[in-house]
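Note sheet for the following structure.
Atoms considered below: every heavy atom in the structure, side chains included; atoms not considered: hydrogens, waters and symmetry mates. First the proteins, then the strands, lettered A, B, ... as listed; each starts at 1.
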Protein chains: 2
Amino acid sequence: MAKRSGSSRVTIRDVARVAGVGVATVSRVLNGDPAVAAATRERVHAVMAQLGYQPLRTARALSRRRTDALLVVLPLLTRFFYVEILRGIEEALLETNYAFILRTLERPADGSRAIASVRRDLVDGALLVSMAVTPVWLARLERERLPAVVADADPAVPLSRIVVDHAEGARLAVTHLARLGHQRIAVIDRPDDPFAEKRISRRLLGYRQALQELGLELRAEYERVTPFSVEGGITGLHSLMQLPVPPTAIFVGSDTQAWGVLRAARQLGLDVPRDLAVVGYHDIEIAELLGLTTVRVPMRAIGRRAAQLLLEHLSGRLAPGELAVEWVTPELVVRRSCGAQGTDAGVESASE
Amino acid sequence: MAKRSGSSRVTIRDVARVAGVGVATVSRVLNGDPAVAAATRERVHAVMAQLGYQPLRTARALSRRRTDALLVVLPLLTRFFYVEILRGIEEALLETNYAFILRTLERPADGSRAIASVRRDLVDGALLVSMAVTPVWLARLERERLPAVVADADPAVPLSRIVVDHAEGARLAVTHLARLGHQRIAVIDRPDDPFAEKRISRRLLGYRQALQELGLELRAEYERVTPFSVEGGITGLHSLMQLPVPPTAIFVGSDTQAWGVLRAARQLGLDVPRDLAVVGYHDIEIAELLGLTTVRVPMRAIGRRAAQLLLEHLSGRLAPGELAVEWVTPELVVRRSCGAQGTDAGVESASE
DNA sequence: TTCGTCAAGTAAAACGTTTCGGAAGTTCCC
DNA sequence: GGGAACTTCCGAAACGTTTTACTTGACGAA
């Protein structure tokens with residue numbers, strides 16, 4: 001005979017009493033069950049409005065076995081890139097009544113922490129951004145029976161995913177440079193996975209393929225993989241320019257590194273784009289300010305689409321086993337750093 | 001006689017049965033109630049481990065009337081500043097088992113959307129970042145009886161808060177410039193509230209006060225408030241330089257605008273710091289790259305501390321009515337753009 | 001009329017916790 | 001030895017939904 005504190009919350013029972021129906025009927029109205037007469041439905045609605053009734057989320061969650069919340073995991077929140085994806089996700093979720101719980105990864109080791117949030121009783125689904133989805137993750141998702149979507153995924157991940165065609169992005173950049181007359185085109189790429197510096201990236205493959213298609217020589221010494229930072233760009237350029245036959249154009253795997261390249265070029269007394277053409281990647285905030293020609297990756301759209309895909313899984317429109325794969329193609333944004341527009345002057349760079 | 005699907009979840013009842021105790025005892029063990037004998041406690045723990053039992057969050061939430069989740073509301077996620085605060089919040093929450101639900105504000109109108117998340121049955125508390133806390137918000141928080149903390153708050157908000165001493169920050173910058181010999185120090189500030197361009201900021205007040213303390217002339221035409229963007233900095237500098245007696249030093253209310261100032265200076269053929277000394281504000285990512293002297297606002301610390309304050313409210317260590325106020329003081333970071341280090345060359349700027 | 005069918009609604013059983021109100025045992029005090 | 005006072009544990013009542021299984025009444029068909 002335990003009685004809790006006599007709080008004054010309006011419950012579904014109150015609504016039922018006032019409306020003169022059973023609680024089940026109110027619940028049906030709440031959930032849009034068609035098996036309730038229009039007249040009754042309206043009466044119930046009226047009473048709910050009158051009493052200011054709002055179903056208790058926690059009670060619903062327990063009973064329905066779903067939380068109406070999603071998990072979003074993304075690395076390195078600092079980077080503009082990921083923040084934009086997050087906004088896209090948020091946009092897609094705005095109209096729904098899903099909330100989302102955020103977990104950011106700062107180092108790979110954080111993954112073990114984030115994985116603890118993969119729980120059926122915490123969220124209804126997971127949205128993984130730019131992550132190396134390890135077997136541990138897959139097993140956990142499987143065990144918890146959580147639908148998941150990966151945004152900006154490795155093409156091979158066995159989950160629903162949005163894949164960016166980075167090879168095509170590289171091809172766009174390289175082809176553009178070749179059209180401008182460049183024969184010696186180098187590449188400074190970032191590690192493909194933010195945390196795994198091993199694998200060679202699809203971007204790099206696209207670069208090679210484009211050179212071959214264009215009938216240009218493939219030189220191993222023109223390929224550099226440096227850290228995903230401004231410094232990474234600086235060291236990359238320095239090492240390229242020490243070559244006996246330095247390149248005249250560089251495709252850089254991130255705008256962040258490209259900024260470093262611009263700075264280093266200035267430091268070396270090179271004029272961009274006259275002495276050196278540069279094309280970046282991503283089209284982050286600063287690219288426009290720098291006058292940087294770059295390959296735009298539609299970040300918001302990726303986030304939005306990934307969220308929509310997850311919603312489709314949750315609504316059952318996509319069967320649990322059914323995997324959806326969508327490809328997204330980047331596009332070239334021409335500014336001054338490649339030399340196609342304007343002349344020699346006009347590109348941001350820096351002395352040191 | 002309704003029987004639900006026969007899922008195989010391990011419940012507290014199973015644990016009780018195997019351990020040979022009542023469910024209440026298991027619950028007590030779970031919640032660290034001291035009124036349970038050590039031997040029993042250990043036995044229960046062993047059984048829990050053996051069965052792999054994990055209490056269902058949703059069931060706990062319903063029964064305890066708390067969700068173990070917090071609400072974080074912050075504007076303009078794009079800005080480095082806010083992202084850093086978010087990371088601080090996350091850091092503080094990492095050790096706890098609180099999750100957080102994120103709501104970002106892109107325009108002031110979004111507030112009405114975000115406020116819908118202020119619900120007792122969704123979260124246990126709210127963390128408001130850099131927001132103009134309107135009466136609507138206060139009323140809602142009050143109605144839902146949600147403890148709240150404001151990070152980077154207006155000093156007058158009647159909630160627990162972390163207040164940044166922007167007046168002191170401005171004083172640091174101006175004093176530094178004066179010590180370097182500058183007499184004509186102008187200011188380009190950003191609007192105080194991201195969305196309300198009305199009020200004059202505490203930063204501006206600090207600027208004025210510092211000039212007075214230093215015995216320098218206060219000139220109305222040396223004060224500019226421009227948009228919180230690179231362009232804002234550009235237009236600000238242009239208009240200042242058209243004055244009959246232009247300033248020799250400028251304190252800028254955000255690094256973002258300061259970047260614009262540097263670009264515009266270059267465009268005007270001014271050498272920084274020789275012809276013009278510049279001090280920014282915030283110390284965001286790019287400040288170091290730009291060689292920008294700036295006032296560092298400890299963003300992570302603000303986020304972390306705000307979260308800790310909220311946790312204290314939730315744990316009851318801070319009474320519901322009791323308001324905690326903590327001040328945070330910025331510090332000066334000297335780089336090249338003010339002329340205190342090195343000489344004329346060396347500051348990033350850009351042609352157009 | 002009688003039966004079956006269907007629509008609309010009801011009462012009560014889950015969902016898996018926490019916690020209330022006791023109830024056994026112990027220990028201790030007079 | 002008879003409570004009183006603890007300690008330690010138990011059964012069952014909340015918490016506020018959803019959903020199951022059933023009832024009631026209306027309507028047609030036979």
Side-chain angles (χ1 to χ4, degrees), chain A residues 1-44 47-48 51-68 97 119-122 124, chain B residues 1-44 47-48 51-68 97 119-122 124:
Chain A
M1 211 133 313
K3 192 150 276 171
R4 294 277 183 87
S5 71
S7 164
S8 59
R9 166 168 265 281
V10 179
T11 80
I12 198 174
R13 204 153 264 116
D14 299 321
V15 176
R17 190 167 33 72
V18 175
V21 299
V23 289
T25 302
V26 179
S27 177
R28 288 208 191 88
V29 170
L30 227 40
N31 296 296
D33 190 318
V36 49
T40 313
R41 175 167 47 241
E42 274 172 33
R43 185 151 39 95
V44 170
V47 172
M48 293 198 303
L51 299 182
Y53 167 73
Q54 280 214 313
L56 194 75
R57 288 182 68 112
T58 49
R60 295 193 91 190
L62 173 58
S63 190
R64 304 203 303 170
R65 292 190 178 82
R66 42 179 287 190
T67 59
D68 289 333
N97 65 346
R119 303 183 50 157
R120 256 247 99 91
D121 57 353
L122 179 65
D124 298 338
Chain B
M1 209 132 311
K3 191 148 276 172
R4 292 276 183 87
S5 72
S7 166
S8 58
R9 167 169 266 283
V10 179
T11 81
I12 197 175
R13 202 153 265 115
D14 299 321
V15 176
R17 189 167 34 72
V18 175
V21 299
V23 289
T25 303
V26 179
S27 178
R28 289 209 191 84
V29 170
L30 227 39
N31 296 295
D33 189 320
V36 47
T40 313
R41 175 168 44 243
E42 275 172 33
R43 184 151 39 95
V44 171
V47 173
M48 293 198 304
L51 299 182
Y53 169 72
Q54 280 216 310
L56 193 74
R57 287 183 67 111
T58 50
R60 296 193 91 189
L62 173 59
S63 190
R64 307 203 302 170
R65 291 187 179 80
R66 43 179 288 194
T67 59
D68 290 332
N97 65 347
R119 304 183 51 158
R120 255 247 99 93
D121 57 352
L122 180 64
D124 297 338

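Of the possible polar contacts, none joining the Arg41(A) side chain to the Val29(A) backbone as a donor-acceptor pair under 3.5 Å is found.
What separates CD1 of Ile12(B) from C1' of dT17(C) is a distance of 6 Å, to the nearest Å. Rounded to a whole Å, the OH atom of Tyr53(B) is 10 Å from the P atom of dG16(C). We find that CZ of Arg13(B) is positioned 14 Å from P of dA13(C), with the value rounded to whole Å. Taking atom CD of residue Gln54(A) and atom C1' of nucleotide dG16(D), one finds them 14 Å apart after rounding to whole Å. Between Leu56(B) atom CG and dG16(C) atom C1' there is a gap of 6 Å when expressed in whole angstrom units. Here dT18(D) presents its P atom at 5 Å from CG of Leu30(A), a figure rounded to the nearest Å. Atom P of nucleotide dC15(D) and atom CZ of Arg60(A) are separated by 19 Å, given to the nearest angstrom. Atom pair Arg66(A):CZ and dT19(D):P shows a separation of 10 Å (rounding to whole Å applied).
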Quiz: residues 51-58 of chain A side-chain donor-acceptor pairs under 3.5 angstrom, not counting sequence neighbours:
none

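Distance check, rounded to the nearest 0.5 Å: CZ of Arg119(A) to OG1 of Thr67(A) gives 11.0 Å. Note: Met48(B) CE to Leu30(B) CG = 5.5 Å, rounded to the nearest 0.5 Å.
Pairs engaging residues 25-35 of chain A under the salt bridge (charged side-chain N to carboxylate O under 4.0 Å, His left out) rule: Arg28(A)-Asp33(A) [sequence neighbours left out].
Of the candidates dT19(C), dT17(D), dG16(C), dT17(D) carries the atom nearest the Arg9(A) side chain, counting heavy atoms from C-beta on. Relative to the side chain of Asn31(B), the nucleotides dC20(C), dT18(C), dT17(C) differ in distance, and dT18(C) lies closest.
For Thr25(B) and dC10(D), the shortest distance from a side-chain N or O to OP1 or OP2 is below 4.0 Å.
Interface residues of residues 34-44 of chain A facing DNA chain D, ordered by number: none; criterion, heavy-atom separation under 4.0 Å.
With Val26(B) as reference, Val21(B) is the one residue of Val18(B), Val36(B), Val21(B) to meet the side-chain contact (heavy atoms from CB on, under 4.5 Å) rule.
For the residue pair Ile12(B) and Ser27(B), the shortest heavy atom distance occurs at CD1-N, 3.7 Å.
A donor N or O paired with an acceptor N or O is found under 3.5 Å between the base of dT10(C) and the side-chain atoms of Arg28(A). Taking 3.5 Å as the limit, the base of dT18(D) and the side chain of Ser27(A) contain no donor-acceptor pair of atoms between them.
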